[in-house]
Peer 1: 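Okay, here's the structure, questions in a sec.
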Amino acid sequence: MSDEKEESKIEKLAEKKKTKAIRKIMEKADSTVVIDALKALSGIGDEDSINCITSYLDSSDSSIKVAAANAAMSINSEYLKTQVRRVCNCEKDADVHQQLLAALNA
């Protein structure tokens with residue numbers, strides 16, 4: 001399935017608050033689709049989506065890690081704020097660290 005089709009599918013699933021289906025797509029998707037899915041999950045904000053976003057905060061792909069931080073910070077949750085601070089404090093790449101700080105301060 002092309003990225004555009006997957007992104008469209010994610011949008012429709014997000015409208016229906018189908019976190020589990022979005023997570024399935026993320027398992028075999030490229031980073032662009034994962035980033036779109038993280039944004040969609042932040043709009044759902046249920047426990048399953050929060051757990052998914054949290055797991056991507058530790059991604060080895062810096063663009064996914066930053067997208068997960070931005071998604072986490074768009075949900076008003078002390079737990080997620082703490083998790084983003086944790087990742088930020090452990091980040092060794094200065095550029096990624098700055099992007100994580102920007103997410104925290106947004």
Side-chain angles (χ1 to χ4, degrees):
M1 192 180 301
S2 74
D3 283 359
E4 286 180 15
K5 286 183 182 178
E6 286 180 338
E7 291 166 11
S8 174
K9 189 173 183 178
I10 288 168
E11 232 177 84
K12 290 176 185 171
L13 291 169
E15 289 172 8
K16 297 177 183 177
K17 300 195 181 295
K18 301 281 188 176
T19 303
K20 187 174 181 180
I22 294 172
R23 288 183 77 159
K24 277 192 143 201
I25 292 171
M26 293 171 79
E27 290 173 4
K28 51 190 170 211
D30 66 16
S31 62
T32 304
V33 174
V34 170
I35 290 168
D36 286 336
L38 288 166
K39 290 176 191 172
L41 290 173
S42 72
I44 297 173
D46 64 0
E47 184 178 351
D48 193 24
S49 62
I50 288 172
N51 289 337
C52 183
I53 291 168
T54 303
S55 71
Y56 279 94
L57 286 170
D58 294 317
S59 176
S60 59
D61 182 321
S62 60
S63 63
I64 291 176
K65 183 184 295 190
V66 170
N70 285 316
M73 294 308 294
S74 71
I75 299 172
N76 190 16
S77 162
E78 287 304 314
Y79 169 75
L80 287 173
K81 289 176 187 174
T82 301
Q83 293 305 310
V84 173
R85 279 189 208 101
R86 173 190 60 82
V87 171
C88 187
N89 289 336
C90 296
E91 184 57 51
K92 295 186 183 349
D93 183 306
D95 184 46
V96 176
H97 180 77
Q98 287 295 45
Q99 292 177 59
L100 293 170
L101 276 176
L104 271 170
N105 295 319

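The figures here come from the full heavy-atom set of this structure, side chains too, leaving out hydrogens, waters and symmetry mates. These numbers come from a predicted model, not from an experiment.
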Peer 1: Please check this pair: side chain of H97 against backbone of N89, looking for a donor-acceptor N/O pair closer than 3.5 Å.
Peer 2: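 Checked: no pair found.
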Peer 1: On a heavy-atom basis, which atom in A71 and which in S42 lie closest, and how many Å separate them?
Peer 2: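 For A71 and S42, the tightest heavy-atom pair comes out as O-CB, 3.4 Å.
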Peer 1: Show your working on side-chain contact (heavy atoms from CB on, under 4.5 Å) between K17 and D46 and close with a plain yes or no.
Peer 2: CA-CA 9 Å; K17 300 195 181 295; D46 64 0; 6.0 Å; no
Peer 1: List the atom of A68, the atom of I53, and the distance in Å for their closest heavy-atom pair.
Peer 2: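 Smallest interatomic distance, heavy atoms only, reads O-CG2, 3.4 Å.
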Peer 1: Say you draw a straight line from SG of C90 to CG of L57; how long is it, rounded to the nearest 0.5 Å?
Peer 2: 11.5 Å
Peer 1: Once rounded to the nearest 0.5 Å, what's the spacing between atom OH of Y79 and atom CD1 of I50?
Peer 2: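 Y79 OH to I50 CD1: 9.0 Å, rounded to 0.5 Å.
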Peer 1: Looking at E78 and K81, does any basic side-chain N land under 4.0 Å from a carboxylate oxygen?
Peer 2: yes
Peer 1: Using modelled atom types only, decide if a donor and an acceptor are shared between the side chain of D48 and the backbone of N51 within a distance under 3.5 Å.
Peer 2: no
Peer 1: From E6 CD over to M26 CE, what is the distance, rounded to the nearest 0.5 angstrom?
Peer 2: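 Rounded to the nearest 0.5 Å, the CD-CE separation comes out at 11.5 Å.
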Peer 1: Just verifying a value: how many Å separate D36 CG and E7 CD, rounded to the nearest 0.5 Å?
Peer 2: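 One gets 4.0 Å once the value is rounded to the nearest 0.5 Å.
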Peer 1: For N76, is the CG atom crowded, meaning more than 12 foreign heavy atoms sit under 6.0 Å from it?
Peer 2: no
Peer 1: Taking all non-hydrogen atoms of both residues into account, name the closest pair between C52 and S55 and its distance.
Peer 2: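 Closest approach of C52 to S55, heavy atoms only: O-OG, 2.7 Å.
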Peer 1: Find the distance between CD (E15) and CD1 (I44) and round it off to the nearest 0.5 Å.
Peer 2: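 Here the rounded value is 10.5 Å.
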Peer 1: Quick one: are V66 and S63 in side-chain contact, heavy atoms under 4.5 Å?
Peer 2: no
Peer 1: Passes side-chain contact (heavy atoms from CB on, under 4.5 Å), C88 versus L104? Steps please.
Peer 2: CA-CA 9 Å; C88 187; L104 271 170; 4.2 Å; yes
